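Values in this document were obtained by computation on a predicted structure and should not be read as measured data.
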Amino acid sequence: MAIFVNGKDHKWEFENVGGTSRVKIRNGADIAHLKYLDPKLWTVLSCPVKGLEIDEKSLSYIDADGDGKIRVNDVVKTATWVTDAVNNDDMVLNEEDFIYIRHFDTSNEVGLRLYNTSRQILDNLGKREPSLSIEEVTDMATIFANTRFNGDGVVTVETAEEPEDKAAIVAAVTALGGVKDRCGELGVNNEMIEKFYNCLNAYDAWQKATVEAPFGADTDAVIAAYQALDAKVRDYFMRSKLAAFSPASTEKLDVQTSQIEAISAGNLAEKQDEIAQYPIARVTGKPEINLSEPVNPVWAAQFNTIVKVALPDNTVLTEEDWNAVGAKFAPYLAWKQSKAGTEVECLGYDTIKELIAQDRKEELFFLVEQDCALEEEANDIEMLVKFLYIYRDFYRLLRNFITFEDFYKKDRNISAIFQNGRLIVDQRECRFCMNVQDMAKHNASAATSGMYLLYCDCTNKSSAAKLQIVAAVTVGEIGNLIVGKNAVYYDNKGGEWDAVITKIVDNPISVRQAFWSPYRRMATAIENLISKSAADKDAKMMANATAKINSAPAALPAAPAAGAPADATKPAAQPPFDIAKFAGIFAAIGMALGMIGSALAALAKGIFALSWWELLLSFVAILLLISGPAMVMAWMKLRRRNIAPILNANGWAINAAAKISIPFGETLTDMAKFPALKLPDPYKKKGMSRWSKFFLWLLVVAILAGVVIGLIIFDVI
């Protein structure tokens, strides 16, 4: 079937893909005219960039706005761009990773730029064959091997020719880290050059403004100790002033004996935080610290450093002395704190002075300017890289975006871009496997797909990477598929992962599986009932036994004397068993058994009155009565299976149904097939033959079904 889209006379063809009419991409003309295709006719409206079986770099080029999603407009713009670049639109269908440059359309700007860039690269590579591949155009080091400049605005040691320029670049990269150019080498750009020379000059100016250290080599140690003790010492002088003002409070302002007693029982070496809170020295009311007396042991090291270096001749320390020490090193401290250009300090001051004297700043700027002159050419190389990635992968994306052609193809060597591997579990291979991007979304929508799904956590012994996948089981029985079962997952790159089933979404797998599901549920229910009954009886028996043991008297009571009155606290003797009281019960039980026996006899008489074919039809009817509804419901669900909810949970916007019919579902899971061999089992017990067991089971099922029907008939009568 074909239609004409409004606004453009381009004929589109449709085909039935997965039970739904979808647009067929026949040729390059269809790709070139995608901008005229109504978005309502697209299978997909958006898909994520990550987690698909297409090179993520190709998808990032198509995702022009970089939002992590490929939408209809992204695909349309890319289709127009890539078909405009070539002189034959059908070439986009080749999915090749190389192109002969004669196929660029030089009649438009994009094609001409790509052609000229390709010619330049061929010259740089010294290649005579007029074709370029992705591998060749992404090897920037080889492309620019014979030229000093590559148009990225970064100059390296190889770019410079003068020794002074090389030395300046090495120093800048050493101090500031450098930036990588297109070839992966570290170099400098204009911004880094400016910063480097600013740092050199700032550090030099700081060094020239050097303030002499007041305490020589010990100055930094004194400053550190002073800053650590300043608040503590000022606290002491304030306590002393308050004690002089109120002598009665001196004891309270000093360290309390009770404070020391509170911690004395423990390891005092571990109580330094508490001891540090005590005053730096004993408070006496005098505005000074006697340097001949001990100070708080936690602060003693810092205090002694200051006294030894800054106050060697003092016998006491007053507040004025303390302030004088701080004032003495204040200029030096201010100079230290004003240090600038610290990034280049690692070069050493002699090297810094030499670099400033040489002053190669303008020469480096000129090198960057020469490099930037090739910016357009280098950008065209980037555009060529983009073209080749899209040229190779774009048609595959279209087959999985506008249609789901790859997913529904009969060729098993072709899979959709969302199928990422194979899960081997319980003698079957599940070919429909997807990465799980958001487990919460899968929990919300997976059941609506109508598919039997296995969620697995996968680990790889060769890396710390972890993977979550979902696999669809579309053939066979439930078998031993349970949460916690181990399996093996193989990704499309050949990687082997250990998989563990963490969740199962239970839906019908096949009509055959649905046939046995009522009996499986019945057997499970009976098994659970028997287990529960046995457990209840066991618990009851143990409880009764325990109660009897606990209530047993320690010794038998003595027999009462003749004529002695009865003890009212003891229970009365139990009367003897009276069978007359149970006569009615026995009669009722006998009547019930008789009625059941009569019903069974009547049922047996009716069964034996049937001919063999009537008996067979009755048996089939009973089976259909039990399994028929489950089979019909399973058939209806199997026809409605749809992968759209699973894709939606991974961030896809699906615009059309993607159903999995029963025949197609059989291609998504492969069961193990063994040759028809009659091999003896050496451990097999002798007994009935297989056919005898089969007929015995049929007889048991028939009798049970007959009993059920007979009871129903008897109840109605």
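Ring geometry, His33 versus His10: the interplanar angle falls under 30°, so the pair is classed parallel (tilted spans 30 to 60°). By the 30° and 60° cut-offs, the orientation of the rings of Phe418 relative to Trp652 is perpendicular. Ring geometry for Tyr489 against Trp497 counts as tilted: the plane angle lies between 30° and 60°, on a 0 to 90° scale.
Side-chain contact check for Leu388 versus Arg392: every heavy-atom pair is 4.5 Å or farther apart. Asn27 is not listed as a side-chain neighbour of Asp89, based on a closest heavy-atom distance of 4.5 Å or more. By the 4.5 Å heavy-atom criterion applied to side chains, Thr43 and Asn655 are not counted as neighbours. Inter-residue side-chain proximity for Thr474 and Arg641 is flagged as met; some heavy-atom pair is nearer than 4.5 Å. Using a 4.5 Å cut-off on side-chain heavy atoms (C-beta onward), Phe394 and Val75 make contact. Looking at Leu59 and Asp63, their side chains never come closer than 4.5 Å, going by heavy atoms from C-beta outward. Side-chain contact between Leu34 and Ile25 is present, with at least one heavy-atom pair separated by less than 4.5 Å.
Using a 4.0 Å cut-off between a side-chain N of Lys or Arg and a carboxylate O of Asp or Glu, Lys40 and Asp38 qualify as a salt bridge. A salt bridge links Asp670 and Arg412; the closest N-O separation between the charged side-chain nitrogens and carboxylate oxygens is under 4.0 Å. A salt bridge links Glu405 to Lys409: one of the charged nitrogens lies within less than 4.0 Å of a carboxylate oxygen.
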**OP:** Could you check Phe98 against Glu136 for side-chain contact (heavy atoms from CB on, under 4.5 Å), going step by step and ending with a plain yes or no?
**Re:** CA-CA 9 Å; Phe98 69 93; Glu136 290 170 330; over 6 Å; no
**OP:** Applying side-chain contact (heavy atoms from CB on, under 4.5 Å), run through Phe14 and Leu41 and close with a yes or a no.
**Re:** CA-CA 10 Å; Phe14 288 75; Leu41 302 179; 3.9 Å; yes
Original post:
Under the side-chain contact (heavy atoms from CB on, under 4.5 Å) criterion, do Leu37 and Ile402 qualify, and how do the steps go?
Top reply: CA-CA 10 Å; Leu37 180 61; Ile402 297 176; 4.2 Å; yes
**OP:** Could you check Trp42 against Val23 for side-chain contact (heavy atoms from CB on, under 4.5 Å), going step by step and ending with a plain yes or no?
**Re:** CA-CA 7 Å; Trp42 295 48; Val23 177; over 6 Å; no
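A side-chain donor-acceptor contact under 3.5 Å links Asn87 to the backbone of Arg102.
A donor-acceptor contact closer than 3.5 angstrom links the side chains of Asn124 and Gln120.
When the salt bridge (charged side-chain N to carboxylate O under 4.0 Å, His left out) test is applied to Glu53, no partner is found at least two apart in sequence or on another chain. For Phe104, the ring-ring contact (aromatic ring centres under 6.0 Å, His included) partners are Phe387, not counting sequence neighbours.
The two residues Glu56 and Val49 make their nearest non-hydrogen contact at CG-CG1, 3.9 Å. In this structure, Thr502 and Val483 approach most closely via the heavy-atom pair O-CG1, 3.8 Å.
Taking the centre of each ring, Phe664 and Phe432 stay at or above the 6.0 Å mark.
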Acceptor/donor pairs from residues 643-651 side chains to any protein atom, 3.5 angstrom cut, sequence neighbours excluded:
from: Asn650; atom 1: OD1; to: Gln437; atom 2: N; distance (Å): 3.2
from: Asn650; atom 1: OD1; to: His442; atom 2: NE2; distance (Å): 2.8
from: Asn650; atom 1: ND2; to: Asn435; atom 2: O; distance (Å): 2.6

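Tested against Asp380, the residues Arg119, Arg113, Lys386 include a single salt bridge (charged side-chain N to carboxylate O under 4.0 Å, His left out) partner, Arg113.
Here the NE2-OG distance, from His103 to Ser118, works out to 12.0 Å after rounding to the nearest 0.5 Å.
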